[in-house]
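Only one structure is covered here, and it is reproduced in the block below.
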Amino acid sequence: MGGDSSQLLAGAGTGVGMLGSIMQGAAASKSDKYNAKVAEQNAALAKQDAAMAGGIGEANVGIAGLKTQQEVGAIKAGQAGRGGDVNTGAAKDVQTRQAETGMMKALNIRSNAARQAYGFEVQATGDLNTAALDKMKAGYDMKAGEIGALSTGLKGASDIKM
């Protein structure tokens, strides 16, 4: 009777070990699936940030253009107040240089916005790659749990003495 009860306990222990391996694999798989969802949500947010960065950049370019027009107008008004032709010679050159400076500022704003948007796009790509890896890992975790259960079952069966 003692031998039967020890074999029964060994069989029960093997069963519990097998169940534990399967549950561990399932829990790891669920965790990886959750992480994949989080990474996908982060990617979506990064894409939204990229679009917003581009939109904000373009709005700032528009503001810079208006500011430049205002500056050139103020220069022209000041020149007109001193007399002379504001549409030729040195007076026109000053206005042109101010307009070119404003254009460079606008290009710089646009470039910075594009660089920021690109950074968000790169982040989104990285997040999507992470999600794909997490999904793949989730499948492997389930298989690992099944293999662990099989291994435990085989070990338990070999330990039972007939």
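Not measured: the values here are computed from a predicted model.
- Val38 belongs to a hydrophobic cluster whose remaining members, ordered by chain and number, are Tyr34; membership requires side-chain heavy atoms of ILVMFWY residues under 4.5 Å apart, directly or through intermediates.
- In this structure, the side chain to side chain contact (heavy atoms under 4.5 Å, CB included) partners of Ala53, at least two apart in sequence or on a different chain, are Gln116, Ala117, Phe120.
- Here Met142 is tied to no hydrophobic group at all, with no ILVMFWY side chain closer than 4.5 Å.
- Residue Val61 is found in a hydrophobic cluster whose other members, listed by chain and number, are Ile109; membership requires side-chain heavy atoms under 4.5 Å apart, directly or through intermediates.
- Under the 3.5 Å distance criterion, the side-chain polar atoms of Gln79 are left unmatched by any main-chain donor or acceptor of Gln95.
- Sorted by first and then second residue, the salt bridge (charged side-chain N to carboxylate O under 4.0 Å, His left out) pairs involving residues 91-113 (not counting sequence neighbours) are Glu58-Arg110.
- With rounding to the nearest 0.5 angstrom, the CD1 atom of Ile63 is 10.5 Å from the CD1 atom of Ile56.
- Annotation: side chain to side chain contact (heavy atoms under 4.5 Å, CB included) contacts of Asn129 (sequence neighbours excluded): Thr125.
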What donor-acceptor contacts under 3.5 angstrom involve side-chain atoms of residues 18-32, with partners at least two apart or in another chain?
unit_1	atom_1	unit_2	atom_2	d
Ser21	OG	Gly17	O	3.3
Ser29	OG	Ala138	O	3.0

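- Among residues at least two apart or in separate chains, side-chain hydrogen bond (donor to acceptor under 3.5 Å, both in side chains) pairs with a member in residues 37-49 are Glu40-Lys135.
- Under a 4.5 Å side-chain heavy-atom cut-off, the cluster of Ile, Leu, Val, Met, Phe, Trp and Tyr residues that includes Ile147 has no other member.
- For residues 59-76, every residue pair satisfying the side-chain hydrogen bond (donor to acceptor under 3.5 Å, both in side chains) rule, not counting sequence neighbours, is listed here: Glu71-Gln98, Lys76-Asn87.
- Evaluation of the side-chain hydrogen bond (donor to acceptor under 3.5 Å, both in side chains) rule for Asn108 yields no partner, not counting sequence neighbours.
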